Every structure is written in C-alpha cells, then in structure tokens.
Amino acid sequence: TEVFSRAEARQLGWSDPALSRAVRAGRIVRLRRDQFTVPTASGRCPAIAAARACRGSVISHRSAALFWGLPVVGALPVRPEITVAPNGTGDVAGAALHRATLPPRDIATIDGVRVTPVARTIVDLGRHRPAAAVVAAADKALHESMVTMEEIQDVLLACRNWPRITRARRALRLVDARAESPLESVSRLILGWLRIPTPRLQQRIADERGFVVARADFYWDEYGVLGEADGRGTYDGRDVLTAEKERQERAEELGLVVVRWGWSDVTRRPQLLQQRLLRGFDRGQLRDRSGFPRGWSLPSA
C-alpha cells in the first residue's frame, strides 16, 4: 500500500490546493500532516496505510470486518479504524483511533498486516455499532466456521469490565449461524421488533412425493407462510430470475403463501412489511379454514 508525502505529490504534478481539494472530496486520505494514501472500495488500502503510519496499531472494528470479508451493515467507515494500546503514542489524522488493551491473542496477521481476529472484531463491533451490524457479522462468521461462539464468549469474558461490553453481550445473544445473508440476519431482528411470530429458519419444503422443492429463509407452519429475504437487489442473469420465479410458483402450487422482501422493505418500510406478512397469515388461515389441502410436507433433518 503506497503512502506518499506532499513533496512526492508535487513531483507528480499535484499543487497544494489540488491536493487539499482531493482530501476534502475523499479521493485522497490524509494520514498525517504530510502523509497521504489513496482509498479503495474495500477500505483495505487506507487501513493498511493508517496502521503502518501509527506504530504498534492494529486494524480493527469495521476496517477489520472488511479485511475478514464480514458484512458491514450500515455506513462504511469514513476513516479507517485502528486500535492502539491505552498507553500507546502517536496519532493519525486520517484514521479513527481507538485505545484498548491488545493482548497477543487479539492480534492476527493477514498478508503481513496486523488486524484483530474475528472474535475480537465482532466484540468490538458489538461495543460500538448497532445490534444489526454485529449480528450480521457474527452470523456470517459462525455460518462459515470462521469463529466459534466459545471464542466470542472468551473475548466477552476477557473484556467483561470494558465500556459498553453489556451492549455487545446483549446483541450477541441474538446471533444465529443458520442465517445465510446479512439481509436474513437483519430481517430476523426486524421481525422481532415488529412482534411477528417467531419463524423457523432454513426450513426444507417437500412436495407430495417427498421431494424437497424449496428451503425457506423463514417459515411459519401455523399459517403455512414462506418468507424469502432477497438481498441481491439485482439478479445475476435471466436464468437466475427464471429459477426464482419457478421455485415461487411451485411453492404456491402446493398451497403455500409466499412473501418476498428486500433491503428497502426492512430498512425503509418495516411497517409495510409487517402488513404484508399479516395479510399473508390471514390468507394462510383462510386456506386452512376452507379445507384446501396442504400439498407440502416438512421433511425431517
């Protein structure tokens, strides 16, 4: 990762006013008074540069989550986030600096770069970010076996007297390794906030012959309603769109009520999502009361 000085920028043809405008616009990150770097979409380069500019620091929080490939729900960090020991010296103007204890077990190395391990990263997120952010990151890490709940609990215990640790502990009670996307994680929290009945997660659905035809992100057996959280926003191609449509049609042919939603539904219109689900529950109950047979079954694990 390149860190360059003002003098080096001048040699490349940058005037001081142009450099200042680029910093204000976010095209260049100022690390110190005379040290700069160029940001990237992943946030890795500024974080590496900031960590190298501050002796003894470790990339942490949302910047560490990006390094590990964990989802960052909400705003990406405007400045790279790094942590130094409480008695550490130095500062980096272009970074968000945290001061906290860094025992050896809380320092990992990725391609020669010091970063907090997954468990410590998740706990740090829990202390400083909203519950949805830490739950989405923890769900993914657990689902992909990047960390165990025991490792997270060990960090919580080691940090038991730290500020905001109760907040992290409370959020981490909500994690579920069965979630397969950040939208599923956030949806689970929103459904609880909306007081929607607790669904079954990743429920397999079989047809009348016993063949599994779907696996529902969310399923309410008391209503015969299947919920699908579609977080892709756009489809990878016509074949994917066709397959999704066929799966939904097959589920509806079996008598299931299907409710689909995306990011905008949970982040901007949760009450409308609540209404759609409640209408779906009503339709499911009406189907059952009318004697219309349930053409699906729930195969055992």
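Side chains included, hydrogens not; waters and symmetry mates left out as well; all remaining heavy atoms used. If you're wondering where the values come from, they're calculated on a predicted model, not measured in any experiment.
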Problem - Criterion side-chain contact (heavy atoms from CB on, under 4.5 Å) on I59 and E81, from CA distance to verdict - result: CA-CA 6 Å; I59 296 169; E81 295 183 284; over 6 Å; no
Practice task
List the steps, then state whether side-chain contact (heavy atoms from CB on, under 4.5 Å) holds for W162 with V123.
Solution key: CA-CA 11 Å; W162 288 22; V123 172; over 6 Å; no
Exercise for the section: Using a 4.5 Å cut-off on heavy atoms from C-beta on, say whether the side chain of L201 contacts that of R188. Expected result: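 When only atoms from C-beta onward are counted, L201 and R188 do touch, with a gap below 4.5 Å.
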Handout entry: Cluster overlap V175 with L156, hydrophobic side-chain contacts below 4.5 Å
Key =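 Hydrophobic grouping puts V175 with L156.
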Practice task
Check the hydrophobic clustering (I, L, V, M, F, W, Y; side-chain heavy atoms under 4.5 Å; chains of links allowed) and say if L125 and I107 are grouped together.
Solution key: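 Each belongs to a different hydrophobic cluster.
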Side chains of residues 290-299: which donor-acceptor partners sit under 3.5 Å, not counting sequence neighbours?
{"from": "S290", "atom 1": "OG", "to": "L286", "atom 2": "O", "distance (Å)": "3.3"}
{"from": "S290", "atom 1": "OG", "to": "R287", "atom 2": "O", "distance (Å)": "2.7"}
{"from": "R294", "atom 1": "NE", "to": "D288", "atom 2": "OD1", "distance (Å)": "3.3"}
{"from": "R294", "atom 1": "NH1", "to": "D221", "atom 2": "O", "distance (Å)": "3.0"}
{"from": "R294", "atom 1": "NH1", "to": "D221", "atom 2": "OD1", "distance (Å)": "3.4"}
{"from": "R294", "atom 1": "NH2", "to": "D221", "atom 2": "O", "distance (Å)": "2.9"}
{"from": "R294", "atom 1": "NH2", "to": "D288", "atom 2": "OD2", "distance (Å)": "2.9"}
{"from": "W296", "atom 1": "NE1", "to": "Y219", "atom 2": "OH", "distance (Å)": "2.9"}

Problem - Intermediate values then yes/no, side-chain hydrogen bond (donor to acceptor under 3.5 Å, both in side chains), S57 and R114 - result: CA-CA 8 Å; S57 65; R114 285 158 46 101; over 6 Å; no
Handout entry: Worked verdict on R247 versus R250 for side-chain contact (heavy atoms from CB on, under 4.5 Å)
Key = CA-CA 5 Å; R247 277 194 292 271; R250 182 58 179 142; 5.7 Å; no
Practice task
Scan side-chain atoms only and decide if Q271 and Q275 contain a donor-acceptor pair under the 3.5 Å cut-off.
Solution key: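 Not at all, the side chains of Q271 and Q275 share no donor-acceptor pair under 3.5 Å.
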Problem - side-chain contact (heavy atoms from CB on, under 4.5 Å), paired with W261, selected from R276, R269, E228 - result: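 With W261 as partner, side-chain contact (heavy atoms from CB on, under 4.5 Å) holds for just one option, R276.
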Counting only pairs under 3.5 Å, give me each side-chain donor-acceptor contact of residues 164-172, with atom names and distances, residues two or more places apart or in other chains.
{"from": "R164", "atom 1": "NE", "to": "R127", "atom 2": "O", "distance (Å)": "3.0"}
{"from": "R164", "atom 1": "NH2", "to": "H128", "atom 2": "NE2", "distance (Å)": "2.7"}
{"from": "R167", "atom 1": "NH2", "to": "R129", "atom 2": "O", "distance (Å)": "3.1"}

Exercise for the section: To the nearest 0.5 Å, tell me how far I205 CD1 sits from R215 CZ. Expected result: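 Result: 11.5 Å between the selected atoms.
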Exercise for the section: Applying side chain to side chain donor-acceptor pair (under 3.5 Å), name anything that partners R160, two or more places apart in sequence or on another chain. Expected result: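 R160 satisfies side chain to side chain donor-acceptor pair (under 3.5 Å) with no residue once adjacent residues are dropped.
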